[in-house]
Amino acid sequence: MTEFQKYVQRYLDLIPSENLLEELKRTEEKTVGIYSKLSEEQSILAYAEGKWTLKELLLHLSDTERVFQYRILAFARGDKNELPGFDEENYSKNSYANERRLSSLLEEYQLVRKSSQILLETLNSSALKNTGIANGNEISVETIGKLIVGHNLHHLNIIGERYLSVM
């Protein structure tokens with residue numbers, strides 16, 4: 001198994017069922033449930049020096065999902081161009097998430113997730129099997145959709161283990 005396959009598998013292993021659309025809804029509900037209970041003060045908490053705040057983490061989820069959406073769209077439509085990776089640390093540094101209201105970030109997350117749901121539910125099984133090259137690695141449309149869920153679950157675990165425990 002390549003390093004990329006190991007990287008992908010660690011996220012896929014977090015997904016409790018094969019029902020992608022249902023898991024998209026569940027992870028959204030869990031994420032919104034956690035963030036809806038936070039105060040503005042709590043949302044700028046980082047569990048350690050140099051780590052993202054909860055606001056930055058939420059915007060990271062939205063940013064990453066947008067990148068994954070583009071990859072899904074491109075590969076589902078048969079685009080054979082290789083797509084670049086992205087630097088999540090640079091995205092976060094330039095996001096100014098902490099200057100925004102938590103309610104705005106949460107609304108954005110929900111709209112991005114709704115867009116993912118619509119995109120994925122309208123793809124047929126043939127399009128889901130399409131593959132392309134992103135960040136130097138071949139990956140299928142379906143796997144990218146699952147990565148949206150697994151990546152979200154990964155960060156929900158981090159929130160529970162590292163952020164909520166210090167509040």
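Quantities reported herein were computed from a predicted structural model and do not represent experimental measurements.
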Apply side-chain contact (heavy atoms from CB on, under 4.5 Å) to Glu107 and list each qualifying residue two or more places apart in sequence or on a separate chain.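 Testing Glu107 for side-chain contact (heavy atoms from CB on, under 4.5 Å), a comparison that skips the adjacent residues, returns Leu111.
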
Is any side-chain heavy atom of [Y] closer than 4.5 Å to one of [X]?
X: Trp52; Y: Glu89; result: yes
X: Thr64; Y: Phe86; result: yes
X: Ile139; Y: Phe75; result: yes
X: Leu105; Y: Ser62; result: no
X: Ile72; Y: Ile148; result: yes
X: Ile15; Y: Leu12; result: yes
X: Thr31; Y: Leu58; result: yes

Are [Y] and [X] connected in a single hydrophobic cluster, I mean Ile/Leu/Val/Met/Phe/Trp/Tyr linked by side-chain heavy atoms less than 4.5 Å apart?
X: Tyr35; Y: Ile158; answer: yes
X: Leu73; Y: Val112; answer: no
X: Tyr96; Y: Leu54; answer: no
X: Ile44; Y: Leu164; answer: no
X: Ile133; Y: Phe68; answer: no

Taking all non-hydrogen atoms of both residues into account, name the closest pair between Ala97 and Leu59 and its distance.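 Closest heavy-atom pair between Ala97 and Leu59: CB-CD2, 3.8 Å.
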
Contact summary for Ala76 and Asn130, nearest pair of heavy atoms: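 It is O-ND2, 3.1 Å.
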
Nearest-0.5 Å distance that lies between atom [atom1] in [X] and atom [atom2] in [Y]:
X: Arg162; Y: Leu45; atom1: CZ; atom2: CG; value: 13.5 Å
X: Leu156; Y: Ile34; atom1: CG; atom2: CD1; value: 5.0 Å
X: Tyr7; Y: Leu147; atom1: OH; atom2: CG; value: 7.5 Å
X: Ser116; Y: Leu21; atom1: OG; atom2: CG; value: 10.5 Å
X: Leu14; Y: Leu153; atom1: CG; atom2: CG; value: 6.0 Å
X: Asn152; Y: Tyr11; atom1: CG; atom2: OH; value: 11.0 Å

Sort and list the pairs that fulfil salt bridge (charged side-chain N to carboxylate O under 4.0 Å, His left out) and have at least one residue in residues 56-73, not counting sequence neighbours. Glu65-Arg113, Arg66-Glu108

If a pair satisfies salt bridge (charged side-chain N to carboxylate O under 4.0 Å, His left out) and one of its residues is in residues 7-30, list it, with sequence neighbours excluded.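 Checked against salt bridge (charged side-chain N to carboxylate O under 4.0 Å, His left out) - neighbours excluded - the pairs reaching residues 7-30 are Glu18-Lys146, Glu23-Arg26.
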
Short N-O contact, Glu40 and Lys55, less than 4.0 angstrom: yes

Taking salt bridge (charged side-chain N to carboxylate O under 4.0 Å, His left out) as the test, write out the residues that go with Lys80, two or more places apart. none

Pair listing, side-chain hydrogen bond (donor to acceptor under 3.5 Å, both in side chains) test, anchored in residues 131-142, at least two apart: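 Applying side-chain hydrogen bond (donor to acceptor under 3.5 Å, both in side chains) to every pair that reaches into residues 131-142, excluding sequence neighbours, yields Thr131-Glu138, Ser140-Thr143.
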
Compile the donor-acceptor pairs under 3.5 Å between side chains in residues 119-127 and protein atoms, sequence neighbours left out, one pair per line.
from, atom 1, to, atom 2, distance (Å)
Thr122, OG1, Ile118, O, 3.0
Thr122, OG1, Leu119, O, 2.9
Asn124, OD1, Ser126, N, 3.1
Asn124, OD1, Ala127, N, 2.8

Is Ser165 reaching over with its side chain to a backbone N or O of Glu161, donor-acceptor style, under 3.5 angstrom?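 Yes, because the side chain of Ser165 sits within donor-acceptor range (under 3.5 Å) of the backbone of Glu161.
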
